[in-house]
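What follows is a short report on a single structure.
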Amino acid sequence: MSSHPAVRLVDIQDGPLSVDDVVKSLDDDASGGLVLFVGRVRNHDDGKGVTGLAYSAHPTALTRLQEVCDRVAEQYDVSGLAAVHRVGDLAIGDLAVVVATASAHRGTSFEASRALIDTLKAEVPIWKHQLFSDGTEEWVGAP
């Protein structure tokens with residue numbers, strides 16, 4: 001799997017995510033700005049109470065995530081980029097996704113991090129199964 005040199009950490013994990021690991025992976029003396037986005041499980045969606053959820057990943061998800069990371073690293077002048085996503089059962093407050101970019105200037109990192117999370121959500125085949133407090137459920141992002 002080829003990778004852009006700025007891509008430092010790409011993973012799909014079935015255990016808790018570490019913000020510290022993501023930040024440490026982007027440590028270098030050339031970066032003046034590091035922008036971090038953490039997606040957490042919230043207790044509501046579309047006016048309904050959420051009690052928990054599960055993420056499932058297609059077998060190609062890690063390869064697709066790597067491709068997204070490589071593409072964003074090509075498009076933005078970043079010195080470092082990282083993306084990790086959780087799968088399995090998550091509780092309210094658990095971290096679902098952590099992405100970050102580092103660059104010489106904050107503006108580039110803000111733009112690149114936004115592009116990274118938005119592209120990841122649109123293109124990487126990871127699906128969310130939400131459980132609602134009224135006993136109903138919903139798949140989000142599934143084909």
Side-chain angles (χ1 to χ4, degrees), residues 1 3-28 31-143:
M1 185 182 318
S3 179
H4 187 280
V7 177
R8 308 273 182 80
L9 175 62
V10 179
D11 202 9
I12 296 174
Q13 302 174 359
D14 61 4
L17 303 182
S18 167
V19 170
D20 285 345
D21 287 350
V22 170
V23 171
K24 285 177 187 171
S25 76
L26 300 182
D27 187 36
D28 67 60
S31 299
L34 185 150
V35 172
L36 176 76
F37 172 79
V38 177
R40 298 172 11 139
V41 178
R42 63 180 180 267
N43 67 357
H44 64 93
D45 189 37
D46 202 24
K48 296 170 91 170
V50 173
T51 58
L53 57 80
Y55 281 99
S56 300
H58 187 273
T60 63
L62 185 58
T63 300
R64 296 288 301 279
L65 180 56
Q66 181 73 51
E67 290 168 355
V68 165
C69 289
D70 288 344
R71 195 162 72 240
V72 171
E74 285 288 331
Q75 293 170 345
Y76 295 88
D77 186 19
V78 295
S79 54
L81 182 149
V84 292
H85 203 296
R86 176 109 181 251
V87 292
D89 295 331
L90 283 77
I92 304 304
D94 282 352
L95 306 187
V97 61
V98 180
V99 302
T101 63
S103 67
H105 304 285
R106 68 179 177 271
T108 302
S109 289
F110 274 109
E111 292 171 12
S113 290
R114 177 68 183 251
L116 180 55
I117 188 61
D118 288 351
T119 309
L120 181 163
K121 298 268 295 172
E123 297 184 15
V124 178
I126 297 175
W127 307 296
K128 178 168 59 173
H129 183 209
Q130 294 191 112
L131 306 174
F132 296 109
S133 54
D134 65 4
T136 60
E137 57 188 59
E138 173 190 39
W139 281 94
V140 180

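Side chains are part of it too, since the values below use all heavy atoms of this structure and drop only hydrogens, waters and symmetry mates.
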More than 12 heavy atoms of other residues, nucleotides or ligands under 6.0 Å from CZ of Arg71: is that the case?
yes

In Å and rounded to the nearest 0.5 Å, what is the CG to CD1 distance from Leu62 to Ile12?
5.0 Å

Closest non-hydrogen atoms of Leu116 and Val72, given as atom of the first, atom of the second and distance, are CA-CG2, 4.0 Å

Less than 4.5 Å apart, any side-chain heavy atom of His129 and any of Ser56?
no

Closer than 3.5 angstrom, by distance alone: can the side chain of Arg86 be matched with the main-chain N or O of Gly15 as a donor-acceptor pair?
yes

Determine whether the side chains of Thr136 and Asp134 contain a donor N or O and an acceptor N or O closer than 3.5 Å.
yes

Please check if the number of heavy atoms outside Lys121 that lie under 6.0 Å from its NZ is greater than 12.
no

Criterion side chain to side chain contact (heavy atoms under 4.5 Å, CB included) on Asp27 and Lys24, from CA distance to verdict
CA-CA 5 Å; Asp27 187 36; Lys24 285 177 187 171; 5.6 Å; no

Could you check His58 against Trp127 for side chain to side chain contact (heavy atoms under 4.5 Å, CB included), going step by step and ending with a plain yes or no?
CA-CA 8 Å; His58 187 273; Trp127 307 296; 3.5 Å; yes

Does Ser109 offer a backbone N or O that forms a donor-acceptor pair with the side chain of Thr101 under 3.5 Å?
yes

How would you list, by chain and number, every residue that makes a ring pair (Phe, Tyr, Trp, His ring centres under 6.0 Å) with Tyr55, sequence neighbours excluded?
His85

Testing the basics here: between Asn43 and Ile92, what is the closest heavy-atom pair and its distance to 0.1 Å?
CA-CD1, 3.8 Å

Please check if the side chain of His105 supplies one atom and the backbone of Gly107 the other of a donor-acceptor pair under 3.5 Å.
no

When rounded to the nearest 0.5 angstrom, what distance separates CG in Leu17 from CG in Asp14?
10.0 Å

Just wondering, are more than 12 heavy atoms of other shown residues or ligands nearer than 6.0 Å to CG in Asp28?
yes

Taking atom OG1 of Thr51 and atom NE2 of His44, what is their separation to the nearest 0.5 Å?
14.0 Å

Main chain of Ala102, side chain of Ser79: is a donor-acceptor contact present, judged purely on distance under 3.5 Å?
yes

Donor-acceptor pair, side chain of Ser113 and main chain of Val35, under 3.5 angstrom:
yes

Of the non-hydrogen atoms in Asp21 and Ser18, which two are nearest, and what is the gap between them?
N-OG, 3.0 Å

What closest approach, in Å, do Val23 and Leu34 show between heavy atoms, and which atom pair accounts for it?
O-CD1, 4.3 Å

Between CD of Gln66 and OG1 of Thr60, what distance do you get to the nearest 0.5 Å?
13.5 Å

Short side-chain to backbone donor-acceptor contact, Asp70 and His4, under 3.5 Å:
yes

Considering the options Asp46, Asp45, Val50, Leu53, which one meets the side chain to side chain contact (heavy atoms under 4.5 Å, CB included) requirement together with Glu138?
Asp45

For Leu65 and Asp11, work out which heavy atoms get closest and say how close.
CD2-O, 3.8 Å

Specify the closest pair of heavy atoms between Arg8 and Ser25, including all atoms of both residues, with the distance to one decimal.
NH1-O, 3.0 Å

